[in-house]
Amino acid sequence: MKKIIVIPGDGIGQEITKSAVEVLKKVDEKFNIGLEFETRDAGGTSYEKFGTPLTDEALDACKKADGVLFGAVGGKKWDSLPVHLRPEKAIFGLRKGLGLFANLRPTKVYPELINSSPLKPELVGGSDLLIVRELVGGIYFGKRCESEINAQGDEQAWDTEIYSVPEIERITKLAFETAKLRRGKVTSVDKANVLAASRLWRKVVVDVAKDFPEVELNHLYVDNAAMQLVLNPKQFDVIVTNNIFGDILSDEAAVIGGSIGLMPSASIGELTSLYEPIHGSAPDIAGKDIANPMGTILSAAMLLRYSLKEEAAAQTIEAAIDKTLADGWRTADIFTEGFKKIGTAQATEIICKNL
Ligand code: NAI
Ligand code: MG
């Protein structure tokens with residue numbers, strides 16, 4: 001049996017994870033993977049029941065699971081709580097507790113949705129890239145000072161960017177392994193012309209690359225990478241980069257595709273890995289059966305691919321989404337005149353039929 005912990009969370013998280021589980025169950029019937037599901041709470045939903053956004057029991061259940069499927073957390077109702085009780089705390093608790101060291105975000109431009117991209121169709125058509133971001137190191141976790149007085153008597157603040165060789169090796173290996181499952185190209189993004197931590201990054205990436213002769217490697221400075229993403233996104237297959245550069249570039253890459261409702265992600269960990277759509281809990285549309293479940297369903301496909309090594313099953317889900325779009329079915333977020341408008345439940349039903 002393969003145990004999956006499902007954490008719906010708040011807002012539309014409840015609806016979209018339900019859709020993804022339906023799709024996974026249907027896929028399991030075809031591929032006999034032996035999936036078993038258990039649900040846990042997180043975020044505001046957990047706070048209401050247990051007085052904390054993430055219980056130790058929920059975290060422990062995740063640690064023992066073969067994969068975690070996460071919806072989203074957050075809502076106005078809990079915004080005024082003290083920081084340690086806010087829904088977002090659940091995300092950090094899971095990242096830390098599960099050792100989620102890498103975030104994988106694919107950006108795929110669907111031919112049917114090409115006109116929702118802010119970029120010209122001829123530029124983005126056929127783009128299919130994946131950003132591998134280091135998630136637990138670098139400047140977001142380095143030593144910092146919020147305020148001090150310098151020699152000139154002025155107030156100042158500082159942060160530090162630190163990376164060790166094992167940290168860089170771990171994320172780089174993952175990027176190369178991932179590239180082997182795709183088109184076999186890795187672009188490493190750094191700022192080695194200025195930053196010492198980036199120079200070490202580049203050296204380690206070059207060393208790791210020697211173990212992957214079948215994968216092509218190139219390097220870009222982050223400023224150039226930001227530019228290349230909008231000039232010619234088709235040149236990229238896998239991009240590997242540090243925490244802060246990955247944070248920025250993955251948001252830039254996310255808009256190329258045109259709809260956040262369609263974008264999945266994976267956070268790869270030491271103990272288990274967590275899969276979630278990139279969007280939030282969308283309180284404005286929660287409970288109305290209009291949320292797009294595709295980002296979460298595609299996250300479930302990533303769970304099959306990366307945690308369970310069920311590539312054929314993952315591709316079956318991706319193909320079913322392609323077909324649903326190609327047949328003209330659209331949830332409200334991607335609906336334009338001339339297409340067929342559907343809600344969350346109906347979209348799920350159609351995707352299941354298309355498996
Ligand atoms: P959001 O991503 O929830 O929503 C932004 C806009 O996109 C809204 O208009 C929403 O209706 C729409 N949208 C999002 N997902 C959609 C979907 N699947 N189908 C159709 N439309 C969709 O971001 P926002 O509004 O900034 O945040 C709302 C709450 O979510 C906040 O409490 C925030 O902290 C939380 N959040 C949680 C995340 C997580 O759990 N990983 C990530 C981002 C935000
Ligand atoms: Mg960000």
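Whatever order the structure lists them in is the order used to number ligands and atoms, beginning at 1.
A distance of 6.0 Å or more separates the ring centres of W329 and F339.
Numbered from 1 in the order shown, with element, the atoms of ligand 1 that lie under 4.0 Å from a heavy atom of A291 read 19 (N). The I285 neighbourhood of ligand 1 comprises atoms 11 (O), 20 (C), 21 (N), 22 (C), with distances under 4.0 Å to a heavy atom of that residue. Each of the atoms 28 (C) of ligand 1 lies under 4.0 Å from some heavy atom of P283. Residue I260 has at least one heavy-atom neighbour below 4.0 Å for each of these atoms of ligand 1: 2 (O), 7 (O), 14 (C). Atom numbering of ligand 1 starts at 1 in the shown order; those under 4.0 Å from a heavy atom of G74 are 32 (O). Close contacts between ligand 1 and E88 involve ligand atoms 34 (O) [criterion: under 4.0 Å to a heavy atom].
Counting heavy atoms under 4.0 Å from ligand 1, residue T296 does not touch it at all. Looking at P277 against ligand 1, nothing comes within 4.0 Å, counting heavy atoms. The residue I290 has no part lying near ligand 1, judged by heavy-atom distances below 4.0 Å. With a 4.0 Å cut-off on non-hydrogen atoms, D333 touches ligand 1 through its side chain and not its backbone.
When only interatomic distances are considered, the shortest N/O to N/O separation between F70 and ligand 1 does not fall below 3.5 Å. Considering backbone and side-chain atoms together, G261 places no N or O closer than 3.5 Å to any N or O of ligand 1. In terms of polar-atom proximity, defined here as any N/O pair under 3.5 Å, A72 makes no such contact with ligand 1.
Using a distance-only test at 3.5 Å, with no hydrogens or angles considered, no donor-acceptor pair links the side chain of Q315 to the main chain of A312. Panel note: side chain S46, backbone T52; a donor-acceptor pair is recorded below 3.5 Å. Under the 3.5 Å distance criterion, the side-chain polar atoms of D10 are matched with a main-chain donor or acceptor of T45.
Distances from atom 14 (C) of ligand 1 to the heavy atoms of K77, M294, E15, H279 put H279 nearest. When the heavy atoms of I334, I278, D284 are ranked by distance to atom 10 (C) of ligand 1, first place goes to D284.
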